[in-house]
Amino acid sequence: MATIQTKGLTYRYGIGTPFEKTAVDHVDLEIESGSFVGIIGHTGSGKSTLIQHLNGLLKPTEGSILLDGKDIWAEKAQMRQVRFRVGLVFQYPEYQLFEVDVLSDVCFGPKNQGLSKEECEAQAKEALQLVGFPEKYYHQSPFELSGGQKRRVAIAGILAMHPKVLVLDEPTAMLDPNGRKEVLRSVMELRKREHITVILITHYMEEVVGADYVYVMEKGKIVMDGTPREIFSKVDELKA
């Protein structure tokens, strides 16, 4: 069964005002369990708005989001569990970092899951090791880290909750080429090791070459979808 499906997913800002805008327009997608899926498109194409629906941060104006075949909005009481299962790493990791040190920050998610201090620290350390974060920085302020290190900590903070789906919104934005390669390599290794579903939002086409499937967005719609080979063979359409 597909891990995530959207059916006619539509989201409008500013309904009933002169500023009303359709950010996501009747999007249908299907993401299989354990797959690596890329969503690409220009800035403003609706990518970030779309993925904020996948764990219930935004509620659709129309349509539905299914997680393992069940509408995530069917029971509001279950939304907390949905957010533990579908982890979202925002484009700017500093928005997700706020504790006094790295270890405390990564412990935050497991703590909200009701785990003991010992369990939280064990899962946090495991997650930090998974993303290749050096132990010597565990007790350093996250705000003193480099951009690439902040990305790793933000990803670890989500992984510590043992999600089934990892959604990454432009995880390499503002990083140098080496930083981009390191973050992507960590994510791909994690996917293989932990058998999780990875959804990568990016405008760097080369970052989705190894994906199982790619969706291309423009003006809130899915305008192309297929394997990377199928997508990249449509050179003229991509240029347009």
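The figures here come from the full heavy-atom set of this structure, side chains too, leaving out hydrogens, waters and symmetry mates. Starting from 1, each residue takes its place in the sequence as its number.
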Item to check | side chain to side chain contact (heavy atoms under 4.5 Å, CB included) partners for Thr49, two or more places apart | outcome: Tyr11, Tyr13, Ala23, Val24, His53, Leu58
Mind checking what makes salt bridge (Lys or Arg N to Asp or Glu O under 4.0 Å) contact with [X], not counting sequence neighbours?
X      : result
Arg152 : Glu182
Arg12  : Glu62
Lys21  : none
Glu119 : none

Item to check | Asp105: side chain to side chain donor-acceptor pair (under 3.5 Å) partners, not counting sequence neighbours | outcome: none
Item to check | Partner set under side chain to side chain donor-acceptor pair (under 3.5 Å) for Asp101, not counting sequence neighbours | outcome: Ser104
Item to check | Linked hydrophobic residues, Phe98 as query - side chain contacts closer than 4.5 Å | outcome: Phe108
Checklist entry - What pairs of residues pass the salt bridge (Lys or Arg N to Asp or Glu O under 4.0 Å) test when at least one of them lies in residues 195-223, not counting sequence neighbours? => result Asp25-Lys221, Arg180-Glu206, Arg180-Glu207, Arg191-Asp212
Can you give each donor-acceptor pair under 3.5 Å made by side-chain atoms of residues 157-171, sequence neighbours left out, with the distance rounded to 0.1 Å?
{"residue": "His162", "atom": "NE2", "partner": "Glu126", "partner atom": "OE1", "Å": "3.3"}
{"residue": "Asp169", "atom": "OD1", "partner": "Ser48", "partner atom": "OG", "Å": "3.2"}
{"residue": "Asp169", "atom": "OD2", "partner": "Ser48", "partner atom": "OG", "Å": "2.8"}
{"residue": "Glu170", "atom": "OE1", "partner": "His203", "partner atom": "ND1", "Å": "3.1"}
{"residue": "Glu170", "atom": "OE2", "partner": "His203", "partner atom": "ND1", "Å": "3.2"}

Next on the checklist: Holding to ring-ring contact (aromatic ring centres under 6.0 Å, His included), I want the full list of residues that pass it with Tyr213, two or more places apart in sequence or in another chain.
Outcome noted: Tyr215
Checklist outcome for this item: Tyr204 meets the ring-ring contact (aromatic ring centres under 6.0 Å, His included) criterion, sequence neighbours left out, with none
